[in-house]
Peer 1: 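Just dropping this structure here.
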2 protein chains.
Amino acid sequence: MARTQGSRAEITGPLVRQAARRLFARHGYAAVSMRQIAAAVGVQAGALYAYTPDKQALLADLLRDHMELLLAAWEDEGGDPLARLERFVRFHIGYSLDHPDEVFLSYMELRNLTPDNHAAIAALRGRYETALADILRAGAEAGVMRVADARLAAMALIAMLTGVTNWFREGGRLDRAAVADHYWTLARGAVGAG
Amino acid sequence: MARTQGSRAEITGPLVRQAARRLFARHGYAAVSMRQIAAAVGVQAGALYAYTPDKQALLADLLRDHMELLLAAWEDEGGDPLARLERFVRFHIGYSLDHPDEVFLSYMELRNLTPDNHAAIAALRGRYETALADILRAGAEAGVMRVADARLAAMALIAMLTGVTNWFREGGRLDRAAVADHYWTLARGAVGAG
DNA sequence: GTCTATAAGTAGATAGAC
DNA sequence: GTCTATCTACTTATAGAC
């Protein structure tokens, strides 16, 4: 297929998603117009509709892709439950700091999804929580952790860890490694393995 | 001053704030129109401007009032640092479950505030974090807690506790008292007092 | 694939009647 | 204090030219 004038599909597609991700995270889905996204990409608003059927699908795709990448990135290597938990904690903090916009969006904009899209994303989030809950159950059964309710503890720990994106700034008082160490100490203590 | 036809200022004012709080929490500030708020109250859109100069002030007032009420409601009675921490944990969970919309708004809609309003709310939030950090420092000094960084630990704990609003449903598997007990166990362990 | 132009609707906010 | 009516601007999305 011959290339038409001004056509740059290979780079425009990713740019649209990148601009949408950044703007949605900064100002909120409802507060961002298609024109703003187009301006950030350097095209006119109409051109966006070559890449997404509508604004809602753009948000849903961003959130679903994030959750799928997050789940794919997490690989439980098994073994000692405490070692598995430490890997999870450091993974979650690292991934959250590497992808602050996605993480922010994925728990701030669920309410702006249609019911169908919401259910799909919530299911993916549930799988991630289950991955952590499984580790906590294994630790409790092995007697190296004290966790009365693995599901509740998993949600509590994920909320605690994700919160790092609210205040961490590169170049601040603490570097990433120090922050991860602190959170690991807190998490280990929380599950009775301090 | 004689009452004009249809004037019900005493009840309309609170209703406007209540409707705005509920709708902003449900759908997001940017996604809610003044007309939607007016419809929820049972007046026309123009009437809202008798109670707020504009939409932004409505949001800022809701958030500032929430933070001030939260700070006023928390009373540190001093004494044993562990007892103070337990009171804080149970207070924060109880207050969050009593005021889910306010709590949700206060950390979801900060980005939709003007810089001035944002700074004011952030300062109030900082005071609340400091209240907890002070307890953790006292506990560490007394040797009944192990907390390497009180500020970080305070933010981590508040994020963990606030997360309860994301999943707790009245009438569900766990009641409030059980949930508070679980979170207190997690928090106590996190600060090395398990 | 991207543009321009536009349709059709909604936004926040104000003016003036009552 | 509330209403109706309205201004101006902006919204999502589409149509058709290139």
Side-chain angles (χ1 to χ4, degrees), chain A residues 1-24 26-63 109 111-114 116-117, chain B residues 1-24 26-63 105 109 111-117:
Chain A
M1 197 70 96
R3 187 76 67 76
T4 48
Q5 243 188 1
S7 171
R8 305 189 301 169
E10 292 84 358
I11 69 168
T12 301
L15 282 181
V16 168
R17 299 165 57 81
Q18 181 182 329
R21 182 161 49 230
R22 181 189 179 87
L23 288 168
F24 287 166
R26 280 256 202 298
H27 310 290
Y29 170 77
V32 174
S33 70
M34 295 298 269
R35 278 174 180 76
Q36 283 177 274
I37 298 170
V41 173
V43 297
Q44 293 301 312
L48 298 181
Y49 293 87
Y51 300 96
T52 181
D54 53 33
K55 192 182 171 189
Q56 164 75 204
L58 189 50
L59 174 64
D61 284 350
L62 288 174
L63 296 191
E109 297 294 358
R111 63 188 171 179
N112 280 312
L113 293 174
T114 58
D116 274 9
N117 287 331
Chain B
M1 197 69 98
R3 189 76 67 74
T4 48
Q5 243 187 1
S7 171
R8 306 190 301 168
E10 293 84 358
I11 70 167
T12 301
L15 282 180
V16 168
R17 300 165 57 81
Q18 183 182 328
R21 183 162 48 231
R22 181 188 179 88
L23 288 168
F24 287 166
R26 280 256 202 299
H27 310 289
Y29 170 77
V32 174
S33 70
M34 295 298 270
R35 280 171 179 79
Q36 282 177 274
I37 298 170
V41 174
V43 297
Q44 292 302 312
L48 298 181
Y49 292 87
Y51 299 96
T52 182
D54 52 35
K55 191 184 173 189
Q56 165 73 203
L58 190 49
L59 175 64
D61 284 350
L62 288 174
L63 296 191
L105 276 179
E109 296 295 358
R111 63 188 171 179
N112 280 313
L113 293 173
T114 58
D116 274 10
N117 287 331

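We name chains A, B, ... by the order of the sequence lines, and we start the count at 1 in each one.
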Peer 1: Treating A/Gln56 as the side-chain partner and A/Asn112 as the backbone partner, does any N or O pair qualify as donor plus acceptor under 3.5 Å?
Peer 2: yes
Peer 1: Rounded to whole Å, how long is the line connecting atom NE2 of B/His27 with atom P of C/dA11?
Peer 2: 13 Å
Peer 1: Send over the distance from B/Met34 CE to D/dT11 C1', rounded to a whole Å.
Peer 2: 18 Å
Peer 1: Can you find a pair of side-chain heavy atoms, one from A/Thr52 and one from A/Met34, that are under 4.5 Å apart?
Peer 2: yes
Peer 1: By nearest atom, which of the nucleotides D/dT14, C/dT2, D/dG1 is closest to the A/Ala50 side chain?
Peer 2: C/dT2
Peer 1: Between P on C/dT2 and CD1 on A/Ile11, what's the gap in Å once rounded to a whole number?
Peer 2: 8 Å
Peer 1: In whole angstrom, give the distance that lies between atom CD of B/Gln44 and atom C1' of D/dT4.
Peer 2: 8 Å
Peer 1: Tell me whether the OP1 or OP2 atom of D/dT2 has a side-chain N or O from B/Thr12 closer than 4.0 Å.
Peer 2: yes
Peer 1: Have a look at A/Val32 and say if it touches a base, only the backbone sugar-phosphate, or nothing, with a 4.0 Å heavy-atom cut-off.
Peer 2: sugar-phosphate
Peer 1: If you only use heavy atoms from C-beta on, which nucleotide in C/dG12, D/dA13, C/dT2 is closest to the side chain of B/Arg35?
Peer 2: C/dG12
Peer 1: Using a heavy-atom cut-off of 4.0 Å across all strands, would you classify B/Val41 as base, sugar-phosphate, or nothing?
Peer 2: nothing
Peer 1: Is there a side-chain polar atom (N or O) of A/Ser33 under 4.0 Å from OP1 or OP2 of D/dC10?
Peer 2: no
Peer 1: Taking the side chain as everything from C-beta on, heavy atoms only, tell me whether B/Val16 gets closer than 4.5 Å to B/Val43.
Peer 2: no
Peer 1: Side-chain N or O of B/Tyr51 less than 4.0 angstrom from OP1 or OP2 on D/dT2?
Peer 2: yes
Peer 1: Between D/dT11 atom P and A/Leu23 atom CG, what is the distance in whole Å?
Peer 2: 12 Å
Peer 1: What is the separation between atom CD1 on A/Ile37 and atom P on D/dT11, rounded to the nearest whole Å?
Peer 2: 11 Å
Peer 1: Let me know the distance between CG of B/Asp54 and C1' of C/dA13, rounded to the nearest Å.
Peer 2: 9 Å
Peer 1: If you assign each of B/Ala47 and A/Gly46 to its closest nucleotide in DNA chain D, which residue comes earlier from the 5' end?
Peer 2: B/Ala47
Peer 1: Rounding to a whole Å, what distance do you find between A/Leu48:CG and D/dT14:C1'?
Peer 2: 13 Å
Peer 1: Any side-chain heavy-atom pair from B/Tyr51 and B/Leu58 closer than 4.5 angstrom?
Peer 2: no
Peer 1: Above 12 or not: heavy atoms from other molecules or residues under 6.0 Å from CZ of A/Arg111?
Peer 2: yes
